[in-house]
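Reading through the structure tokens given below for one structure.
Lettering of chains follows the sequences in order, A, B, ..., and the numbering in each one begins at 1. All values reported here derive from a predicted model rather than from experimental measurement.
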Number of protein chains: 2
Amino acid sequence: MAYTYKYPHPAVSVDIAIFTIRDEALKVLLIRRGQPPYRGEWALPGGFVGLEESLKHAAWRELKEETGVNAVYLEQLFTFGHPQRDPRERVISVAYFALIPSDKLEIKAASDADSVDWFGIEEVPKLAFDHKKILRKALERVAAKLDYSTIAFQLMPETFTMPQLQHVYEVITRVPTDKRNFRKRMLALNVIEQTGEEKRTGAHRPAKLYRVVDRNKVDYIK
Amino acid sequence: MAYTYKYPHPAVSVDIAIFTIRDEALKVLLIRRGQPPYRGEWALPGGFVGLEESLKHAAWRELKEETGVNAVYLEQLFTFGHPQRDPRERVISVAYFALIPSDKLEIKAASDADSVDWFGIEEVPKLAFDHKKILRKALERVAAKLDYSTIAFQLMPETFTMPQLQHVYEVITRVPTDKRNFRKRMLALNVIEQTGEEKRTGAHRPAKLYRVVDRNKVDYIK
DNA sequence: GCAAAAGTGTTATCCCTACACCCATGA
DNA sequence: TCATGGGTGTAGGGATAACACTTTTGC
């Protein structure tokens, strides 16, 4: 079966930079390509857009295929369309990024084994296509949004401590912050509350646990 | 001649919201469609992406076709891809917005006469496709960027006065501002300088003229 | 009791806001 | 001379940034 058009049509794909926090670091999900082009190289998960599905739907579908999760933060990033970005044919890629809380991860369940893995953003290998460029832009966007929105909480587990939260800010923005000021700033957002519980992790004072009052909601500041 | 693919491919277009300031108001350029669908209705200028050109190139091409200008501010806005947004076939639209200084306009030279016109953003008629949605998003983006960047100067002519500049801010953000504070804020940006000239426009004190030190450059604030 | 990380308040500084009068011009 | 819009400075308040010591725990 073939599809014929009067004018040339490009192919359209979605690619997703999926982020999470693990082992105190910001990680991105990559898959090892099983098919040419770039067979054997790492790439962002992605795929072609179905003719009857919306772009966002395609992004959700890919996200679920690779991670099993569904209710996470997903945002359109940018559309990349350089004529030679794919050696096969003209492929225009609508890029998205997703933020997954560290406790929702089941990965590798849905997808096939050792061709999927999380990489610290410092240790990302060479990537197929222009995926390095996509990843860079996604990181910029996420870092910028920490400053004027509450998306950071989309990366936090159900309950978390202040030092944990601060750590997330610091690994993403690379700006070290005074912990007293950071605490004040977070509480002033009015989107988290104490659970009453504490978390003890070693030979030191336990940390108070917090939760987000309304997950699913992202506030914009100022 | 026909183009055949193994899998179905959507068509990809670019649509552009082109803004300028005229008669003290923010205007957007619309074209009246000469072909179905939506024949006779107004729409954002746009067209299909050539197989060998980048998305930005396609946007520039359309922009130049309609306005004759080339050196203006052009930014990718968002990609719209609902399956039914075009009644003919699946069309994915990569939307851009452009800002043109009021003194660079020649319009209607390049394009065909009375099927192109500028509309104040308050008087935009019903638009074809989902172009109202695109326009709304473009306006939001521009208004938001006034707060944290210097894109406003991309709308200003070679030389301009403070009241003119303030007017641009006010028509876009709809936030009236104290003129003393506004002036201080603008000067603190360090991107404009006095020309030494004045502009006299009526029975009142003449206004000092300013120019942008480095056009082409857009600063991000804070 | 000691090391390690968590928790906590106050002060100084900067930035933003509010606010009112004089000036230069054309008619 | 009068109406019109352009130009100018200061003081107060709120937000942000700087800064050091005490607490709780595990070993």
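- Distances shown here put a side-chain N or O of R200(B) below 4.0 Å from the OP1 or OP2 atom of dT25(C).
- We find that CZ of F182(A) is positioned 14 Å from C1' of dA6(C), with the value rounded to whole Å.
- For H167(B), the NE2 atom sits in a packed shell: over 12 heavy atoms of surrounding residues, nucleotides or ligands are nearer than 6.0 Å.
- When heavy atoms are screened at a 4.0 angstrom cut-off, R180(B) is found touching base atoms of the nucleic acid.
- At dT8(D), one or more side-chain N or O atoms of K208(B) fall inside 4.0 Å of OP1 or OP2 (strictly under the cut-off).
- The distance from atom CD of E198(A) to atom C1' of dT23(D) is 11 Å, rounded to the nearest whole Å.
- Here dA6(C) presents its P atom at 10 Å from CD of Q164(A), a figure rounded to the nearest Å.
- In this structure, N181(B) atom CG and dG12(D) atom P are separated by 16 Å, rounded to whole Å.
- A salt bridge links R174(B) to E122(B): at least one charged side-chain nitrogen sits closer than 4.0 Å to a carboxylate oxygen.
- Ion pairing of E158(A) with R211(A) is absent here, as no side-chain N (NZ or NE/NH1/NH2) approaches a carboxylate O to less than 4.0 Å.
- Between R61(A) and E65(A), at least one side-chain N (NZ, or NE/NH1/NH2) sits under 4.0 Å from a carboxylate O, which counts as a salt bridge.
- Side-chain atoms of H204(B) lie closest to dT25(C) of the nucleotides dT25(D), dT17(C), dT25(C).
- Across the protein-nucleic acid pair, R183(B) atom CZ and dC15(C) atom C1' stand 20 Å apart, rounded to whole Å.
- Taking atom CG of D178(A) as the reference point, atom P of dG9(C) lies 14 Å away to the nearest angstrom.
- Each of G202(A) and Q194(B) has a nearest nucleotide on DNA chain D; the 5'-most of these lies closest to Q194(B).
- In this entry the distance linking CG of L189(B) with C1' of dC16(C) reads 14 Å, nearest Å.
- Side chain K179(A) to base dG7(C): a donor-acceptor pair is found below 3.5 Å.
- Applying side-chain hydrogen bond (donor to acceptor under 3.5 Å, both in side chains) to E75(A) and the options R141(A), K56(A), Q154(A) leaves one that passes, R141(A).
- The side chain of R205(A) lies closest to dT23(D), out of dT23(D), dA18(C), dG6(D).
- Separating the NZ atom of K184(B) from the C1' atom of dG7(D) is a distance of 13 Å, rounded to the nearest angstrom.
- At a cut-off of 3.5 angstrom, counting only N and O atoms as typed in the model, there is no donor on one side facing an acceptor on the other between the side-chain of K222(B) and the base of dT16(D).
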